[in-house]
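Just below is one structure, and these are the notes that go with it.
Throughout, protein chains are lettered first and strands after them, A, B, ... in sequence-line order, and every chain is numbered starting at 1. Keep in mind that this is a model prediction, so the values were computed, not measured.
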Amino acid sequence: MNNQVDVSRHRHAVEFADGVYWIGALDPTLRTFDIILSTANGTSYNSYLVKGSEGVAVIDTVKENFSEEFFARLESEVDYSDIKYIVLNHLEPDHTGALPELMKRAPQAKLYISQRAISMLKALLKPASEVIEKNFDYTTVNTGDSIGLGDRTLSFLHTPFLHWPDTQCTYLEEEAVLFSGDVFGCHYCDKRLFNDLVGDFRFSFDYYYAHIMRPFKNHVMDALKLIEPLKIKQIAPTHGPILRERPRRYVTHYRELSTSSLSREIVNDDKTLIIFYMSSYGNTARMAEEISEGASEFDSVRVSLYDLEGGETDPFVDLIEEADALLFGSPTINGDAVKPVWDLLSSLVVINLKGKLGGAFGSFGWSGEAVRMIEDRMRGLKMKIPQEGLRVKLIPDEDELETCRLFGRQIARKLTGKKEDKGVIDFADLG
Amino acid sequence: MAKGKITFEDIDQTVNVPAGTRIIEVSEKIGAGIIYGCREGDCGTCITHVTEGWNNLTEPSVLEEKVLKENMASRHDRLACQAQVLGDCKVKPA
């Protein structure tokens, strides 16, 4: 193996397995990726070339403004007329920017994509529609499908939602290389290219997972079922170092990151309910305590109570990710819920909330809009709001505190799946 | 006025609705687990499985058929933002 790799000094393809080359580009000055991700030392756009006895496959391309570097590396090894296949594991523009130009230069190449990628492919090629034949040739592939390059076989793994609906992985059987797309990738730019040569990229790897893959943990688990049985000598992702030294540990690490840590603590099928609140005069806090009391009457529901005033967002996001139900309590100030509530509710994009139960409550002085606004936000986050929020004017009296306990009992009952006789309701009666 | 009964199996709730009501109009109000994206039949996020009463929904349009196909929807899946209730049916998130 080459221990003196420095891909910034040349524009050649870099061979890292027999007939398998890196033909990507480095982007060391990038500091923010996709608006939301910090990239403290830039990123790379990895593209790969596989040579077989009967042709060549290009796997993914690069961001458009790095096309020149990509084409130079490609041309250093093959002629465009040799390219038989273009495999697209993921159609985000940072991997398909050079695609239209590549299709012009290698018009004979057939495209291989996942079923979900069709509409995105067509959208990507819209600006180039004058030069690319309208009915260009693409084939959709699924797990179990493969294509041959004579002495080489590329097989496909259907791994959707990592992190787009279109994502897939491609496996080169003869060399045991997994071209994983964004899976096992990270924004870490290093001219030494390989995980055993580059600097310490552990933070970048985990940060990338936390922001890109974390909302799709269940899909990660599904993908791992396909990936783990493979013999893997190297993992070639679309960003960051090529993982050639002990690649298996990154697979194991993905499983660890995707496994619920709470499930190791919680016994049986207990459910978890978290109540977050803010309170200015102690009234919303009082409601929170009584709701907690009510919910705690159910043995199989674990209730946690948190005052947002005493916490930080990130650990709360971790808690929310694993909770089964969430209640938010906020007073109404100037017709709105208070800022810490919004801060937390606007920090949940990195986790999957679909199907969690939600609810809102709060004491108010005059108008009390906060509860409805929080509910709307929770619906926007794809949570279920099984019962209408609870509002109390100023100081809760004993009856109202009992209503709070009832509110807690109801959400706990929903969580435990104990059915009530709901009957048939009429559409006209719905608010 | 013609009516239909739509049952959301995930929350075990049945609602009487006027014929022609879109599934989305009901499911959002009662908090069923169907999720929505564009709400205009384009993104495929709200794919819903019809477990009973397939014929008691309006026929899918050509565009809806296309989106269902692109999203590899299974047989008897519909877009909740497009399908209108005509009679009794049961649905659950796909």
**OP:** Please say whether more than 12 non-hydrogen atoms of neighbouring residues, nucleotides or ligands are located less than 6.0 Å from CD in E65(B).
**Re:** yes
Original post:
Under 6.0 Å from the NZ atom of K217(A), do we count more than 12 heavy atoms belonging to anything else shown?
Top reply: yes
Original post:
So do I34(B) and K382(A) actually touch side chain to side chain, heavy atoms under 4.5 Å?
Top reply: no
**OP:** Output the option from K69(B), E28(B), E25(B) having the highest count of non-hydrogen pairs under 4.5 Å with chain A.
**Re:** E25(B)
**OP:** For V15(B) and F427(A), work out which heavy atoms get closest and say how close.
**Re:** CG1-N, 3.7 Å
Original post:
How many angstroms lie between atom CG of N71(B) and atom OG of S119(A), to the nearest 0.5 angstrom?
Top reply: 7.5 Å
**OP:** Report the C-alpha distance between E70(B) and M120(A) in whole Å, list the side-chain angles of each, state the deciding distance to 0.1 Å, and finish with yes or no for side-chain contact (heavy atoms from CB on, under 4.5 Å).
**Re:** CA-CA 11 Å; E70(B) 280 177 1; M120(A) 194 53 64; over 6 Å; no
Original post:
Nearest 0.5 Å, what's the CE-CG distance between M72(B) and N142(A)?
Top reply: 6.5 Å
**OP:** Using the salt bridge (Lys or Arg N to Asp or Glu O under 4.0 Å) rule, take D429(A) and K29(B) through it: C-alpha gap first, then chi angles, then the decisive distance, then the call.
**Re:** CA-CA 10 Å; D429(A) 295 333; K29(B) 284 192 170 162; over 6 Å; no
Original post:
Looking at N16(B), I30(B), V26(B), which hits side chain to side chain contact (heavy atoms under 4.5 Å, CB included) with I425(A)?
Top reply: I30(B)
Original post:
Quick one: what part of K66(B) sits under 4.5 Å from any heavy atom of chain A, side chain, backbone, both or neither?
Top reply: neither
**OP:** Answer with side chain, backbone, both or neither: which region of T7(B) has an atom nearer than 4.5 Å to a non-hydrogen atom of chain A?
**Re:** neither
Subject >> Atom pair NZ (K384(A)) and CD1 (I35(B)), whose distance is rounded to the nearest 0.5 Å >> reply: 11.5 Å
Original post:
So does R39(B) have more than 12 non-hydrogen atoms from other groups sitting under 6.0 Å from CZ?
Top reply: yes
